[in-house]
Amino acid sequence: MKIWEKKTNSGVDKEIINFTSSKDSEVDLLLAPHDVIGTIAHVIMLESIGLLSKNDLKILIYELRNIYVEKILKKNFKIDEGIEDIHSQIEFLLTNRLGEVGKKIHSGRSRNDQILVDLKLFIRTEIKEIISITYSLFDLLLKLSEQYKNVLIPGYTHYQIAMPSSFGLWFAAYAESLIDDVLLIHTAYRIVNKNPLGSAAGYGSSLPLNRKMTTDLLGFDDLNYNVIYAQMGRGKMERIVSDAFASLARTLSKMSQDICLYLNQNFNFISFPDYLTTGSSIMPHKKNPDVFEIIRAKCNRINSLPNEISLITSNLCSGYHRDYQIIKERFIPIFDELKKCFFMSKYMLNHIIIRKDILKEDKYRYLFSVEVVNRLVLEEGYSFREAYKKVGSDIQNGYFKPFENKVYYSHEGSIGNLCNAKIRKMMKKVIKSFNFDKIDRVIKFLIYDRIPFQGLFINIMVLFSWTFVLTNL
């Protein structure tokens with residue numbers, strides 16, 4: 001029996017259940033640890049307002065922690081046949097073990113605000129992991145930039161040879177691009193990090209809930225105050241997060257496209273060991289960049305998700321709709337997919353082979369035309385227009401003589417002054433602003449620390465705010 005079914009129900013058609021449930025159980029397993037954490041915070045709050053006894057609270061926390069540590073962390077957790085979702089499964093386990101007290105955990109909340117809390121806790125944790133792996137790739141890009149900063153390559157505009165560049169400049173460009181992506185993710189993180197618990201089905205509860213307490217216990221920055229807006233945030237939240245991750249994916253996709261071009265024989269700037277590339281079933285000379293082609297495709301698919309979510313939600317009125325379930329099926333897997341793309345990008349770049357004599361080829365001789373123009377301006381007093389005209393004429397008449405692979409850039413962010421230390425400092429500043437330590441403190445307190453059950457002590461904590469307690473653990 002579903003938790004929403006009544007005794008008068010004759011039962012819902014199995015085809016309806018199968019169609020409306022879809023992949024819910026499979027996706028919900030990823031939310032299991034977050035559902036337990038949210039429930040522990042909720043029952044602590046229920047005890048503080050007199051809806052649970054101290055003994056009820058003790059045994060509920062004990063069993064919830066058992067589920068978290070013994071089942072979820074050890075990969076023994078599953079959603080049983082006939083159980084509708086993660087919330088129902090955890091309530092079912094508690095009721096089986098504790099009897100009637102297990103049924104009390106649903107007081108003052110709906111599955112609507114429960115899934116919102118689960119999603120927000122899940123997203124917070126996933127953002128923390130993705131920022132970590134992003135920084136790992138960022139760090140490698142800057143190291144490669146320093147290692148190959150003196151290796152020159154052509155720069156392109158309109159796919160035409162333009163001006164000198166370098167591998168130092170190219171690697172660092174993608175490193176700095178990641179900073180802006182992380183800034184967008186930080187904005188999404190701040191939007192996510194607000195507590196919807198207590199909004200119930202979108203219209204609050206007549207029970208005297210302490211929403212501020214659960215906000216502090218779960219380490220949220222603030223509340224979604226308006227209970228209708230808390231529910232309206234569903235769909236909007238996923239779109240904002242996917243927009244931020246789409247930016248990250250676009251950076252990876254663009255870098256992958258560059259690498260596919262640079263590996264091409266007509267460019268021949270880089271290569272990889274044979275064991276990291278694939279060949280052709282008919283052409284024995286082929287060395288294909290399959291990994292970066294797949295990264296490019298996966299990232300482009302992630303880039304399509306914000307539009308997909310917008311199309312699903314654009315004509316929905318306020319309140320909960322089952323349409324949001326479809327978003328969950330597409331949204332939750334992108335975190336793992338993006339992490340794999342980052343892992344493989346880093347794995348491949350750790351083995352990249354850089355060719356160091358690229359500009360010796362005659363086809364790149366005009367790459368230094370701007371260098372010659374600038375030298376005439378600096379050393380011979382030409383105006384830029386006069387120098388440009390002279391060099392253009394020399395090229396046309398076959399008199400042009402390029403420099404011998406030398407460049408004289410010195411301003412910030414150019415070939416001769418990469419400013420990688422400043423780029424690294426910027427990234428560290430952005431990452432620090434997430435304050436991820438707060439998430440770790442929340443989990444430590446709710447899952448592993450001794451929770452004081454004495455009524456007086458709990459009342460004192462409530463009086464002086466759980467935020468103070470958590471920040472001083």
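Just the heavy atoms: all of them, side chains too, but no hydrogens, waters or symmetry mates, feed the values below.
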*Does a sphere of radius 6.0 Å around OH in Tyr156 hold more than 12 heavy atoms from other residues, nucleotides or ligands, not counting ones at 6.0 Å or beyond?*
yes

*Examine the side chains of Asn195 and Thr214 and answer whether a donor and an acceptor come within less than 3.5 Å of each other.*
yes

*Please answer whether the main-chain N or O of Ser383 pairs with a side-chain N or O of Glu386 as donor and acceptor at a distance below 3.5 Å.*
yes

_Pairs touching residues 35-45 that satisfy salt bridge (Lys or Arg N to Asp or Glu O under 4.0 Å), sequence neighbours left out_ = none

_Test of ring centre spacing under 6.0 Å for Tyr364 and Phe368_ = no

*Output yes when a side-chain donor or acceptor of Asp357 lies under 3.5 Å from a complementary backbone atom of Lys360, and no otherwise.*
no

*Around Phe400, counting heavy atoms of other residues, nucleotides and ligands shown, do more than 12 lie under 6.0 Å from its CZ?*
yes

*Compute whether any side-chain donor of one residue and acceptor of the other, for Ser271 and Lys287, lie under 3.5 angstrom apart.*
no

*Is the ring centre of Phe292 less than 6.0 Å from the ring centre of Phe272?*
yes

*asked:* Contact between Phe167 and Phe269 at the side-chain level, heavy atoms closer than 4.5 Å - yes or no?
replied: yes

*Any salt bridge (Lys or Arg N to Asp or Glu O under 4.0 Å) involving residues 113-124? Give me the pairs, sequence neighbours left out, ordered by first then second residue.*
none

_Around atom CD of Gln396, are there more than 12 heavy atoms from other residues, nucleotides or ligands closer than 6.0 Å?_
no

*Is a side-chain donor or acceptor of Asp222 paired with a backbone partner of Lys194 at a separation under 3.5 angstrom?*
no

*Kindly give the heavy-atom pair with the smallest separation between Met237 and Leu119, and that separation in Å.*
CE-CB, 4.0 Å

*Does Gln231 reach the main-chain N or O of Ala200 with its side chain, forming a donor-acceptor pair under 3.5 Å?*
yes

*Should Lys444 and Asp440 count as side-chain neighbours, where that means a heavy-atom distance under 4.5 Å?*
no

*Is the shortest heavy-atom distance from the side chain of Arg111 to the side chain of Asp85 under 4.5 Å?*
yes

_Minimum side-chain heavy-atom gap Thr313-Lys236 below 4.5 Å_ = no

_So, using salt bridge (charged side-chain N to carboxylate O under 4.0 Å, His left out) as the criterion, who are the partners of Arg109 when residues are at least two apart?_
none

*Are Asp258 and Lys254 ion-paired here, with the side-chain N under 4.0 Å from a carboxylate O?*
no

_Treating Ser132 as the side-chain partner and Lys128 as the backbone partner, does any N or O pair qualify as donor plus acceptor under 3.5 Å?_
no

Report, one line per pair, each donor and acceptor closer than 3.5 Å where one atom sits in a side chain of residues 63-70; sequence neighbours left out.
from	atom 1	to	atom 2	distance (Å)
Glu63	OE1	Arg97	NH1	2.9
Arg65	NE	Leu446	O	2.9
Arg65	NE	Ile447	O	3.0
Arg65	NH1	Asp449	O	3.0
Arg65	NH2	Phe445	O	3.1
Arg65	NH2	Leu446	O	3.2
Arg65	NH2	Asp449	O	2.5
Glu70	OE1	Lys74	NZ	3.1

*Taking the side chain as every heavy atom from C-beta outward, state whether Phe245 and Leu305 have any pair of such atoms under 4.5 Å apart.*
no

_Stepwise side-chain contact (heavy atoms from CB on, under 4.5 Å) test for Asn417 and Ser410_ = CA-CA 5 Å; Asn417 185 9; Ser410 60; 5.6 Å; no

*State, to 0.1 Å, how close Thr39 and Gln114 come at their nearest heavy-atom pair, and which atoms those are.*
OG1-NE2, 4.1 Å

*Just jot down the ring-ring contact (aromatic ring centres under 6.0 Å, His included) partners of Tyr382, sequence neighbours excluded, or say none.*
none

_To check you understand the geometry: which heavy-atom pair defines the closest contact between Ser145 and Gly168, and what is its length?_
OG-O, 2.6 Å

*asked:* I want to check something: taking the side chain as every heavy atom from C-beta on, are Leu137 and Leu349 in contact at a cut-off of under 4.5 Å?
replied: yes

*asked:* So, using salt bridge (charged side-chain N to carboxylate O under 4.0 Å, His left out) as the criterion, who are the partners of Asp336 when residues are at least two apart?
replied: Lys340

*Partners of Asp394 by side chain to side chain donor-acceptor pair (under 3.5 Å), sequence neighbours excluded?*
Lys390

*Which pair of non-hydrogen atoms, one from Asp216 and one from Lys212, has the smallest distance, and what is that distance?*
OD2-NZ, 2.8 Å

*For Gln147, which residues count as a side chain to side chain donor-acceptor pair (under 3.5 Å) partner, sequence neighbours excluded?*
none

_Check: Asn350 side chain, Lys346 main-chain N or O, donor-acceptor pair, under 3.5 Å_ = yes

*Please say whether more than 12 non-hydrogen atoms of neighbouring residues, nucleotides or ligands are located less than 6.0 Å from CZ in Arg355.*
yes

*Residue Lys339 excluded, over 12 heavy atoms near NZ under 6.0 Å*: yes

*Does Arg375 have any salt bridge (charged side-chain N to carboxylate O under 4.0 Å, His left out) partners at least two apart in sequence or in another chain, and if so, which?*
Glu379

*asked:* Can you confirm whether Leu121 sits close enough to Thr125 that some side-chain heavy atom of one is under 4.5 Å from a side-chain heavy atom of the other?
replied: no

*asked:* Go through it in stages, so that I can follow the logic: the residues are Leu311 and Glu308, the test is side-chain contact (heavy atoms from CB on, under 4.5 Å), and I'd like the CA-CA distance, side-chain angles, deciding distance and then a yes or no.
replied: CA-CA 5 Å; Leu311 290 171; Glu308 186 177 336; 5.8 Å; no

*Atom pair CG/CZ of Asn307 and Arg239 - distance to nearest 0.5 Å*: 10.5 Å

*asked:* Taking OH in Tyr399 as the centre, count heavy atoms belonging to other residues, nucleotides or ligands within less than 6.0 Å. Is the count above 12?
replied: no

*Which atoms form the tightest heavy-atom contact between Gly38 and Val117, and what is the distance?*
CA-CG1, 4.4 Å

*Using atom types as modelled and distance alone, determine if a side-chain donor or acceptor of Ser393 lies under 3.5 Å from a backbone N or O of Lys389.*
no

*Shortest non-hydrogen separation from Phe122 to Leu30 and the atoms involved*: CD1-O, 3.8 Å

_Could you tell me if the side chain of Ser199 sits less than 4.5 Å from the side chain of Asn224, heavy atoms only?_
no

*asked:* With a 3.5 Å distance limit and no angle check, can you tell me whether Asp28 reaches the backbone of Ile86 through a side-chain donor-acceptor pair?
replied: yes

*Could you tell me whether Lys363 atom NZ has more than 12 heavy atoms of other residues or ligands within 6.0 Å of it?*
yes

*Which residues pass the ring-ring contact (aromatic ring centres under 6.0 Å, His included) test with Phe434, sequence neighbours left out?*
His186, Tyr189, Phe436

*Would you call Lys438 and Asp221 a salt bridge, taking side-chain N to carboxylate O under 4.0 Å as the test?*
yes

*Parallel under 30°, tilted from 30 to 60°, perpendicular over 60°: which one fits the rings of Trp170 and Tyr174?*
perpendicular

*May I ask you to decide if Asp181's main-chain N or O and Arg250's side chain share a donor-acceptor pair within less than 3.5 Å?*
no

*Is any side-chain N of the basic residue among Lys149 and Glu146 closer than 4.0 Å to the acidic one's carboxylate O?*
yes

*Can a salt bridge be assigned to the pair Glu238 and Arg330 using a cut-off of 4.0 Å between side-chain N and carboxylate O?*
no

*asked:* I'd like to check the salt bridge (charged side-chain N to carboxylate O under 4.0 Å, His left out) partners of Glu337; sequence neighbours left out, ordered by chain and number.
replied: Lys298, Arg301

*Sequence neighbours excluded, which residues qualify as ring-ring contact (aromatic ring centres under 6.0 Å, His included) partners of Phe138?*
Tyr135

